[in-house]
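Each chain gets a letter, A, B and so on, in the order the sequences are listed, and its residues count up from 1. Atom set for the values below is all heavy atoms of this structure, side chains included, hydrogens, waters and symmetry mates excluded.
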Amino acid sequence: MIASERPRAIIAVDLDYFYAQCEEVRNPSIKSKPVVVCVYSGRTQESGAVSTCNYIARDLGVRSGMPIALAKRILRDNLTAVFLPMDMEYYQTVSERIMGLISSKGEKFEQASIDEAYLDVTTKQDANFRIAEEIGKAIKAEILSEEKMTCTVGVGQNKLMAKMAVDSKKPDGFTIILPGLERSFLNRLPVGKLFGIGPKTEEKLKAMGIVTARDLASADRETLSDHFGKKLGPTLRDIANGVDESPVVEKPIEQLSRIITLKSDANSFDFHDVLTPMSEYLSKKLFSSKMMCKTVGIILITSELKIKTRSKSFSPTTQSGDQILKVASELFYSFFEEQSKSPQGPISVRRVGIKVSDLVATSTSKKTETLEDYI
DNA sequence: AATACCGGCGAGT
DNA sequence: TCATACTCGCCGGTATT
């Protein structure tokens with residue numbers, strides 16, 4: 001046993017229906033109406049998907065990921081419904097202000113997404129999360145007064161439990177799971193409600209007779225490893241037990257990608273026109289985040305919505321748009337070469353993208369390693 | 001035998 | 001019915017050293 005470890009106090013903050021709430025803040029007159037934020041793909045007038053929506057729309061049955069046309073059908077009798085195109089730049093600036101606000105409330109801060117963050121507020125005299133509660137309330141109050149926005153806060157002894165606390169009451173929630181009460185909080189939940197267990201894993205577990213978190217928490221370790229592998233198997237059991245040792249730390253970006261929907265499905269490798277701006281965009285992103293990439297990949301989504309990927313690593317690392325374009329073009333070319341030879345013939349593609357990964361920070365020292373590679 | 005690379009899949013926002 | 005744009009992580013297979 002490890003010498004008496006004091007439980008950590010972790011706060012999770014989740015900005016409620018973030019994109020749609022940003023739109024409400026910008027234009028308060030829509031607050032009383034269903035608000036649906038859309039990603040229009042440009043194929044037809046209404047093609048695309050719902051990114052997120054406010055709770056008025058959710059209560060009427062709209063869900064994120066849903067086709068826009070379906071959301072419009074659901075809301076067709078509601079003359080007040082508002083459909084807006086996504087405005088990432090605006091959401092990003094709002095997010096940055098709020099993240100700055102949250103991070104100032106604790107030493108260790110981790111942004112988990114554009115609208116989620118963790119804060120480690122562990123202090124010596126806070127075994128019952130009194131201080132964490134104060135800080136959590138202060139965060140909610142400040143986001144409300146400064147940005148006119150509600151959020152949901154969860155407190156637990158690790159990131160997993162803080163997140164489960166958040167998920168248990170949204171929107172505008174505040175939930176604390178005290179140390180020791182993890183199992184009683186989780187036990188009744190179906191495994192699919194646990195963070196990290198999606199539909200596929202839930203189905204597999206169900207087939208094994210594991211339905212609730214209680215079942216999973218005491219499931220045979222050997223059996224879990226056999227079915228899910230030696231990493232995921234034990235992790236699943238940990239999740240059901242509320243166990244999570246992962247620290248609150250800012251993680252460096254490890255990949256960047258850019259993907260678009262084609263105006264119509266295609267099956268040739270003449271993608272130069274769409275690839276060029278994507279490569280330039282990624283190059284600029286790399287530059288602004290002071291990163292270089294070692295791997296370039298392509299992403300294709302077929303007409304049947306199957307995802308295909310190809311990638312290539314190289315050295316030295318690069319930041320250049322031309323280089324990214326060159327590698328991506330080669331990958332596209334050989335992908336379609338390969339496809340044309342396959343028995344099914346050429347494949348039809350709906351969406352295409354480029355991904356840069358294996359990112360490394362550009363050397364800050366005077367003598368760069370990459371320079372020597374060129375000599 | 002260990003590590004790197006590659007493509008597919010799953011989960012989440 | 002129609003089905004976005006990202007990010008991260010794991011798995012198994014194969015290639016490289």
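Considering only the side chain of Lys231(A), dC10(C) comes nearest among dC6(B), dA5(C), dC10(C). Comparing dC6(C), dT4(C), dG8(B) by their closest approach to the side chain of Ile259(A) singles out dC6(C). Checking dC6(B), dA5(C), dA3(C) against every side-chain atom of Ser311(A), the shortest atom distance belongs to dC6(B). The side chain of Ser41(A) sits closest to dT4(C) out of dT4(C), dG9(C), dC6(B). Side chain of Ser313(A), nearest nucleotide from dC8(C), dC5(B), dA3(C): dC5(B). Side-chain proximity of Ala69(A) to the nucleotides dC8(C), dG8(B), dC2(C) is greatest for dC2(C). The Arg351(A) side chain lies nearest to dA5(C) when the options are dT13(B), dC8(C), dA5(C). With dT4(C), dT13(B), dC6(C) as the candidates, the nucleotide lying closest to the side chain of Lys163(A) is dT13(B).
Whole-Å rounding puts the Leu236(A) CG to dC10(C) C1' distance at 11 Å. Whole-Å rounding puts the Arg350(A) CZ to dC2(C) P distance at 10 Å. Here dG10(B) presents its P atom at 18 Å from CZ of Phe195(A), a figure rounded to the nearest Å. A straight line from CG of Asp115(A) to C1' of dT13(B) spans 6 Å, rounded to a whole angstrom. We find that NZ of Lys312(A) is positioned 15 Å from C1' of dT16(C), with the value rounded to whole Å. Across the protein-nucleic acid pair, Glu304(A) atom CD and dC2(C) atom P stand 16 Å apart, rounded to whole Å. Rounded to whole angstrom, the span from the CZ atom of Phe228(A) across to the C1' atom of dC9(B) amounts to 13 Å. Atom CG of Leu300(A) is separated from atom P of dC9(B) by 14 Å (rounded to the nearest Å).
Dashed line: the shortest gap from a side-chain N or O of Ser257(A) to OP1 or OP2 of dT7(C) is under 4.0 Å. Contact check, Arg73(A) against dT1(C): no side-chain N or O comes under 4.0 Å of OP1 or OP2. Thr261(A) has a side-chain polar atom (N or O) that falls below the 4.0 Å cut-off from OP1 or OP2 of dA5(C). Close to dG8(B), at under 4.0 Å from its OP1 or OP2, lies a side-chain N or O of Arg310(A). Phosphate contact (OP1/OP2 of dG10(B), side-chain N/O of Thr201(A), threshold under 4.0 Å): absent.
Residue contacts for Leu70(A): at a heavy-atom cut-off of 4.0 Å it reaches a base atom on one of the strands shown. Nucleic acid contact class of Ile253(A) (heavy atoms, under 4.0 Å, all strands): sugar-phosphate only. Counting non-hydrogen atoms under 4.0 angstrom, Ser47(A) reaches the backbone sugars and phosphates but no base. In this structure, Ile68(A) reaches neither bases nor backbone, as no heavy-atom distance under 4.0 Å exists between it and the strands shown. No contact: Ile298(A) has no heavy atom under 4.0 Å from any strand. Using a 4.0 Å heavy-atom cutoff across all strands shown, Gly353(A) reaches no nucleic acid atom at all.
For the pair Arg26(A) and Tyr90(A), the cation-pi criterion (under 6.0 Å, within 45° of the ring axis) is fulfilled. The cationic atom of Arg310(A) (NZ for Lys, CZ for Arg) does not lie both less than 6.0 Å from the six-membered ring centre of Phe335(A) and within 45° of the ring axis. For the pair Lys72(A) and Phe83(A), the cation-pi criterion (under 6.0 Å, within 45° of the ring axis) is fulfilled.
For the side chain to side chain contact (heavy atoms under 4.5 Å, CB included) with Leu236(A), the lone residue among Ile210(A), Thr201(A), Leu194(A) that qualifies is Thr201(A). For the pairing with Phe332(A), the side chain to side chain contact (heavy atoms under 4.5 Å, CB included) check across Val327(A), Val349(A), Ile298(A) returns one residue only, Ile298(A).
Looking at which nucleotide of DNA chain B each of Lys306(A) and Lys294(A) is closest to, the 5′-most match is held by Lys294(A). Nearer the 5' end of DNA chain C, as judged by each residue's closest nucleotide, is the contact made by Leu305(A), out of Pro252(A) and Leu305(A).
No side-chain heavy atom of Asp16(A) sits under 4.5 Å from any side-chain heavy atom of Met149(A).
For Ser320(A) and Asp322(A), the side-chain atoms include no donor-acceptor pair closer than 3.5 Å.
dG7(B): Watson-Crick or G-U partner is dC11(C), with both key distances under 3.5 Å. With a 3.5 Å ceiling on both atom-pair distances, dT4(C) lacks any Watson-Crick or G-U wobble partner.
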